[in-house]
Amino acid sequence: MTSDTDLRELARRRLKARADFFQFLLIWLAVSVIVVGVWAFTMPGGFFWPIFPIAGMGIAAMFMAIDAYGPNPKAITEADVDREVARMTQGKS
């Protein structure tokens, strides 16, 4: 079972991830407007190249959303680390 401090640390990390996600959405919007503006002024009606940075940032936003709002990951405790160390050292004698 996780301790209260482990849960508080996990909650802090998730809240920071949510704040970072919101900030990234604003940056994504600003970058999208800028690249579409550059495209519109330089080659309107031409190949819509802004789709590449917009889509790339969209993929990054998807992963950030999963991290911020996805399933609650299990906090790694000292007991988990101890079990893994024991498992790794079993084969060595």
Side-chain angles (χ1 to χ4, degrees):
M1 183 168 262
T2 58
S3 71
D4 186 49
T5 49
D6 291 337
L7 289 175
R8 292 186 66 78
E9 181 60 32
L10 181 60
R12 274 193 188 92
R13 280 188 272 149
R14 287 182 62 89
L15 288 171
K16 178 163 179 10
R18 289 176 183 173
D20 291 346
F21 174 66
F22 180 72
Q23 183 178 19
F24 185 79
L25 288 180
L26 294 176
I27 292 169
W28 183 23
L29 177 65
V31 169
S32 297
V33 168
I34 290 169
V35 295
V36 169
V38 168
W39 170 80
F41 286 120
T42 59
M43 53 182 2
F47 177 71
F48 188 69
W49 57 264
I51 191 66
F52 298 112
I54 291 170
M57 291 182 78
I59 292 169
M62 179 186 68
F63 285 110
M64 290 180 77
I66 290 170
D67 182 45
Y69 295 100
N72 194 0
K74 178 185 172 214
I76 298 173
T77 64
E78 286 300 316
D80 295 331
V81 173
D82 293 341
R83 276 193 300 278
E84 183 62 17
V85 168
R87 186 191 67 75
M88 292 171 64
T89 57
Q90 279 179 347
K92 298 178 183 179
S93 296

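Here, residue 1 is the first one in the sequence, and each next residue gets the next number.
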Could you check if a side-chain atom of W39 sits within less than 4.5 angstrom of a side-chain atom of I51, using non-hydrogen atoms only?
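The answer is no, as the side chains (C-beta and beyond) never meet within the 4.5 Å cut-off.
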Please say yes or no: joined through hydrophobic side-chain contacts below 4.5 Å, possibly via intermediate residues, are [X] and [Y] part of one cluster?
| X | Y | value |
| --- | --- | --- |
| L29 | I34 | no |
| V33 | F41 | no |
| V31 | L26 | no |
| F22 | W28 | no |
| L25 | I59 | no |

Just wondering, are more than 12 heavy atoms of other shown residues or ligands nearer than 6.0 Å to [atom1] in [X]?
| X | atom1 | value |
| --- | --- | --- |
| F63 | CZ | no |
| F48 | CZ | yes |
| Q23 | CD | no |

Can you measure from [atom1] ([X]) to [atom2] ([Y]) and round to the nearest 0.5 angstrom?
| X | Y | atom1 | atom2 | value |
| --- | --- | --- | --- | --- |
| R13 | D20 | CZ | CG | 13.5 Å |
| L10 | R12 | CG | CZ | 11.0 Å |
| Y69 | M64 | OH | CE | 10.5 Å |
| M62 | D67 | CE | CG | 12.5 Å |

So which heavy atom on V35 is nearest to which on P50, and how close?
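The answer is O-CG, 3.5 Å.
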For a quick test of reading the model, state the closest non-hydrogen atom pair linking A61 to F21 and the distance between them.
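In terms of heavy atoms, the two residues are closest at O-CE1, 3.3 Å.
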